[in-house]
**Q** 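Below are the C-alpha cells for one structure; questions will follow.
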Amino acid sequence: MSALLTPPGPGLRLLVSLAAWAWSGIRPDGHEIAHILITHTPALTGSADAEGAEARMRRLSAGLGGLAGAREVIPELERCLQVTGNQVLLHFPNASRRLRLPTRRSWTQQVSRSGEAILLLGLAPLPQSADAAEVDAYLDATLATDRLLFGRARTRISSHGPGRNE
C-alpha cells in the first residue's frame, strides 16, 4: 500500500506563478496604507484549469488565515510580511519560499513604519506585465464580480530587538 503525501502549504508551481503589485493608498480615516495585490498569472490557468487555479488561490487565502470578500469585515491575518532592507517578502505558512514583492523605497518604509498592509488576493488571472490602468480595470472587474479577497497583513516581529522587523 502506498500513500501520496500532499504538503500542507502552497506548492512551488503555484508560488512561482503568482504575480504581485504594490502601491500606497488612503484608509477611510485619511491616513496612508500600503496595498498588495496578489494574482495568478494566465500561465497557471490553462483553458481547462481555471476552476483549479481559483481553488488554489482560495487555499492560499485559507493558509494566510482566511481573507474576506468586499462586503465583509477585513480580517487581521497572521504576521506574514517580512521587511529585510529594501525588500518586503510575503510568507505563506508551510511554504518553502517567500514571495518577493515589487517595492519602492517609500512603500517599503511605509510598511516598516505602519507594520501592516492591505492584502488583496485576486481569484481571476492577471499577467505580471499588466500596467497601472490594467490593474485598475482588474480591481474594478474582480470587485464587481466578488472575485477579490481582502485581509490586513502585518509584519513579522524580529528577535533582534523590540519593534524592529526581520
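We count residues from 1, following the sequence as given.
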**Q** Does any part of the side chain of Leu18, heavy atoms only, come nearer than 4.5 Å to the side chain of Leu60, both counted from C-beta?
**A** yes
**Q** Is Phe92 linked to Leu121 within one hydrophobic cluster, defined over Ile, Leu, Val, Met, Phe, Trp and Tyr using a side-chain heavy-atom separation of less than 4.5 Å?
**A** yes
**Q** If you measure from CD on Gln110 to NE2 on His31, what distance do you get to the nearest 0.5 Å?
**A** 11.5 Å
**Q** Heavy atoms, side chains only, cut-off 4.5 Å: are Gln82 and Arg98 in contact?
**A** yes
**Q** By the salt bridge (Lys or Arg N to Asp or Glu O under 4.0 Å) test, which pairs, at least two apart or in different chains, include something from residues 134-146?
**A** Arg71-Asp146
**Q** According to a 4.5 Å side-chain heavy-atom criterion applied to Ile, Leu, Val, Met, Phe, Trp and Tyr, with indirect links allowed, do Leu37 and Leu123 form part of one hydrophobic cluster?
**A** no
**Q** Working to the nearest 0.5 angstrom, can you tell me the gap between Ser24 OG and Arg104 CZ?
**A** 7.0 Å
**Q** Do Trp107 and Leu119 belong together in a cluster built from hydrophobic side chains that touch within less than 4.5 Å?
**A** yes
**Q** Closest heavy-atom contact between Leu77 and Gly66?
**A** CD2-O, 3.9 Å
**Q** How long is the span from the NE2 atom in His91 to the CZ atom in Arg79, to the nearest 0.5 Å?
**A** 13.5 Å
**Q** Over all heavy atoms of both residues, which pair between Ala34 and Val111 is shortest? Give the atoms and the distance, please.
**A** CB-CG2, 3.6 Å
**Q** Would you mind reporting whether Phe150 and Leu67 have side-chain heavy atoms less than 4.5 Å apart?
**A** no
**Q** Within this structure, what is the OG-CZ distance for the pair Ser112 and Arg105, rounded to the nearest 0.5 Å?
**A** 10.5 Å
**Q** Give the cluster check for Val135 versus Ile118: same hydrophobic cluster or not, with ILVMFWY residues linked at side-chain heavy-atom distances below 4.5 Å.
**A** yes
**Q** Work out which heavy atom in Ile74 is nearest to a heavy atom in Arg152; give both atom names and the distance.
**A** CG2-N, 3.7 Å
**Q** Working to the nearest 0.5 Å, report the span between CG of Leu101 and OG1 of Thr108.
**A** 9.0 Å
**Q** Looking at every non-hydrogen atom in both residues, tell me the closest pair between Ala153 and Cys80 and how far apart they are.
**A** CB-SG, 3.6 Å
**Q** Can you check whether Ala117's main-chain N or O pairs, donor with acceptor, with His35's side chain at less than 3.5 Å?
**A** no
**Q** List the atom of Pro102, the atom of Ala22, and the distance in Å for their closest heavy-atom pair.
**A** O-CB, 3.2 Å
**Q** Measure from the side-chain N and O atoms of Thr39 to the backbone N and O of Gly122, and report whether any donor-acceptor pair falls under 3.5 Å.
**A** no
**Q** Is any side-chain heavy atom of Leu81 closer than 4.5 Å to one of Leu90?
**A** yes
**Q** Would you call Arg27-Glu116 a salt bridge at under 4.0 Å N-O?
**A** yes
**Q** Are Val88 and Trp23 connected into the same hydrophobic cluster when the rule is that any two of I, L, V, M, F, W, Y join if their side-chain heavy atoms are below 4.5 Å apart?
**A** no
**Q** Using only atom types and a distance under 3.5 Å, with no angle test, would you say the side chain of Glu72 pairs donor to acceptor with the backbone of Gly69?
**A** yes
**Q** Side chains of Leu139 and Trp21: does their closest heavy-atom pair fall under 4.5 Å?
**A** no
**Q** What is the minimum heavy-atom distance between Arg147 and Ala124, and which atoms define it?
**A** NH1-CB, 3.7 Å
**Q** Would you check if Leu149 and Met57 make a side-chain contact, meaning some heavy-atom pair closer than 4.5 Å?
**A** no
**Q** Can you find a heavy atom in the side chain of Asn86 that is under 4.5 Å from one in the side chain of Thr103?
**A** no
